[in-house]
2 protein chains.
Amino acid sequence: MGLRERKKVQTRNALIDAALELFLTQGYEATTIDQIAARVDVSPRTFFRYFSSKEDVALSLPADSQEIFLAEFAARPDSESPYAALSASMRAMIGTLRDKDPEEAARFLKARRLVDETPALLAGQMRLLMENEKRLVAEVARRQGTSPDDLRPQFVVSIFTGLGMICYNAGPEGLDIMARRLDDVLTLADRSLRPGWDLAAADASSSAAG
Amino acid sequence: MGLRERKKVQTRNALIDAALELFLTQGYEATTIDQIAARVDVSPRTFFRYFSSKEDVALSLPADSQEIFLAEFAARPDSESPYAALSASMRAMIGTLRDKDPEEAARFLKARRLVDETPALLAGQMRLLMENEKRLVAEVARRQGTSPDDLRPQFVVSIFTGLGMICYNAGPEGLDIMARRLDDVLTLADRSLRPGWDLAAADASSSAAG
DNA sequence: TAATTTATGTCACCGCATGACAGATGACAA
DNA sequence: TTGTCATCTGTCATGCGGTGACATAAATTA
């Protein structure tokens, strides 16, 4: 890897660190791009060459974790039911996060804390989630053998997204807490849902695109 | 009602109409506050005296409908289970919308269409939803006899929120379609969930606040 | 009509975000 | 090492969103 590339990731990480630091101490809105740039000794214009917006830098780590989740999901064997694959991917994501070096894990937790206490960022995170939702629905539909326009894959994804939010948003206290919370939620789900609920049952189609 | 008040609601509605019109024809981001204000013959500064942001005017109608839902929910008898009360409130909300005068219903549908095709607004709508979520969880906890910090009321609300999103977001084509979609989703839910799933079962507590 | 309240317009200002251009710096071949 | 090229960066200018301050116009009340 050349010097140029190394410098780039270095600047990028520095910007993230500076941003998180300032956001957490002064508050998200109270922090300006100029302050972040100044702390990294970079022009404000350069900030926007690394991140498309103020929100972007705050959500870059959560966005990464979502990408990890999606990658895990895509890698699950077809033998698993949609819901089983989704649950396993969630567990795998937490595991992956835990295996990273401590520095990066700390960054992630900082970001999680920040998002948790900033409504605007919570909304942004939801937006990320929704952008991925289509991909998720498509994959679930494939596993079910139904159409992505069908109500059933959307149903499964919606249910799971709700569960994911509970444990994801409840875990700025550490990845262990988050993992435990996930277990609790999945236990609750097992108790509430009928076996095979996520498989393509008889009718209930009523396609109709959104 | 005095002239002053009448003028205010008039201006407000004019701003909403102008905004929706421009948003739908030019696109949300491509439309400026100045354009909206100009169309109503009002200074841009005045726009912000009626709406706190560009997003606010676009989401004012969806926000209203959420308020209606919450009001309906608060009015449901305690004899209903949490999930039953939530479902009934959703139906009632659609009914209330349908009973309004056609002009206002048209505005609502316009807003729904707009939100549907604008990711930023979709996210904003989710933010509104999440702001109300606490209230919802508290009410469900009361009905269950559990603590709002408990996982179970959160679980019920999350599940229902997912279902609500499916039918809500699928209905820019009219309130009738939206009602039918709701029926389909609830049917699917009845088939997937065990009877009494939304009641406070044995343990599964593991409180832990977010 | 006079006094008070309140809505509106004007002006100034800040922060976010983007395009354009010039200069600095690393990459690479001779 | 040197020269060329690609790319990163800083500076400048601009537009839009959003807010505070103040004066003016309009409605309310007496």
Side-chain angles (χ1 to χ4, degrees), chain A residues 1-16 18-23 25-60 63 114-115 118-121 123-124 127-128, chain B residues 1-23 25-60 63 114-115 118-121 123-125 127-128:
Chain A
M1 190 161 73
L3 170 58
R4 201 160 226 156
E5 245 176 310
R6 261 181 294 139
K7 271 197 161 181
K8 272 182 74 174
V9 309
Q10 195 177 329
T11 312
R12 187 187 152 86
N13 284 337
L15 282 171
I16 294 179
L20 289 179
E21 192 64 32
L22 289 170
F23 289 162
T25 55
Q26 306 179 350
Y28 175 69
E29 349 263 346
T31 303
T32 68
I33 306 288
D34 288 26
Q35 290 174 351
I36 301 171
R39 191 174 264 229
V40 189
D41 258 314
V42 157
S43 86
R45 187 66 183 85
T46 292
F47 172 91
F48 287 106
R49 294 205 173 91
Y50 283 86
F51 302 97
S52 62
S53 67
K54 191 173 164 183
E55 192 187 85
D56 190 23
V57 67
L59 292 181
S60 69
L114 172 65
V115 171
T118 313
L121 293 180
R127 187 175 41 71
L128 292 180
Chain B
M1 191 161 72
L3 170 56
R4 202 161 228 156
E5 248 176 309
R6 259 181 296 140
K7 270 196 161 182
K8 272 182 73 173
V9 309
Q10 195 177 328
T11 314
R12 187 186 153 87
N13 284 338
L15 282 171
I16 293 179
D17 281 333
L20 290 179
E21 192 64 32
L22 289 170
F23 289 161
T25 55
Q26 308 180 347
Y28 174 69
E29 349 263 347
T31 303
T32 67
I33 305 288
D34 288 26
Q35 290 174 350
I36 301 170
R39 189 172 267 229
V40 189
D41 257 314
V42 156
S43 87
R45 187 67 184 87
T46 292
F47 172 91
F48 287 106
R49 294 204 173 92
Y50 283 86
F51 301 98
S52 62
S53 68
K54 193 173 163 182
E55 193 188 85
D56 190 23
V57 67
L59 291 182
S60 69
L114 171 66
V115 171
T118 313
L121 293 179
Q125 190 182 259
R127 187 175 43 69
L128 293 179

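Below, all heavy atoms of this structure are taken into account, side chains as well, without hydrogens, waters or symmetry copies.
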> Is there a side-chain contact between A:Ile16 and A:Tyr50, using heavy atoms and a 4.5 Å cut-off?
Replying inline: no
Please report the distance, rounded to the nearest Å, between [atom1] in [X] and [atom2] in [N].
{"X": "B:Gln35", "N": "D:dG17", "atom1": "CD", "atom2": "C1'", "value": "13 Å"}
{"X": "A:Leu22", "N": "C:dC16", "atom1": "CG", "atom2": "P", "value": "12 Å"}
{"X": "B:Glu55", "N": "D:dG18", "atom1": "CD", "atom2": "P", "value": "9 Å"}

If I take atom [atom1] from residue [X] and atom [atom2] from residue [Y], how far apart are they, to the nearest 0.5 angstrom?
{"X": "B:Ile33", "Y": "B:Ser53", "atom1": "CD1", "atom2": "OG", "value": "8.0 Å"}
{"X": "B:Asp41", "Y": "B:Arg39", "atom1": "CG", "atom2": "CZ", "value": "11.5 Å"}
{"X": "B:Gln26", "Y": "B:Thr32", "atom1": "CD", "atom2": "OG1", "value": "8.0 Å"}

>> Going by the rule ring-ring contact (aromatic ring centres under 6.0 Å, His included), which residues pair with A:Phe51 if we only count those two or more places apart in sequence or in a different chain?
In response: A:Phe47
>> Quick check on contacts: within residues 45-52 of chain B, what sits under 4.0 Å from DNA chain D by heavy-atom distance?
In response: B:Arg45, B:Phe48, B:Arg49, B:Ser52
Shortest non-hydrogen contact between [X] and [Y], atoms and distance:
{"X": "B:Ala19", "Y": "B:Ile36", "answer": "CB-CD1, 3.9 Å"}
{"X": "B:Val57", "Y": "B:Ser60", "answer": "O-OG, 3.3 Å"}
{"X": "A:Thr11", "Y": "A:Val42", "answer": "CG2-CG2, 4.2 Å"}

>> Would you say B:Lys8 places a side-chain N or O within less than 4.0 Å of OP1 or OP2 belonging to C:dA7?
In response: yes
Provide a list of protein-nucleic acid N or O atom pairs under 3.5 angstrom, restricted to nucleotides 26-30 of chain C.
from, atom 1, to, atom 2, distance (Å)
C:dG26, OP1, A:Lys7, NZ, 3.3
C:dG26, O3', A:Arg4, N, 3.4
C:dG26, N3, A:Arg4, NH1, 3.3
C:dA27, OP1, A:Leu3, N, 2.8
C:dA27, OP1, A:Arg4, N, 3.1

>> Once side-chain contact (heavy atoms from CB on, under 4.5 Å) is applied, do any residues pair with A:Tyr28, and if so which ones, sequence neighbours excluded?
In response: A:Phe23, A:Lys54, A:Glu55, A:Ala58, A:Thr118, A:Leu121
> If you pin A:Ser43 and B:Pro44 to their nearest nucleotides in DNA chain D, which one's is more 5'?
Replying inline: A:Ser43
>> Per the salt bridge (Lys or Arg N to Asp or Glu O under 4.0 Å) rule, what does the pair list look like for residues 8-17 of chain B, sequence neighbours excluded?
In response: B:Asp17-B:Arg107
> Using a heavy-atom distance cut-off of less than 4.0 Å, which residues of residues 27-34 of chain A contact DNA chain C?
Replying inline: A:Thr31, A:Thr32, A:Ile33
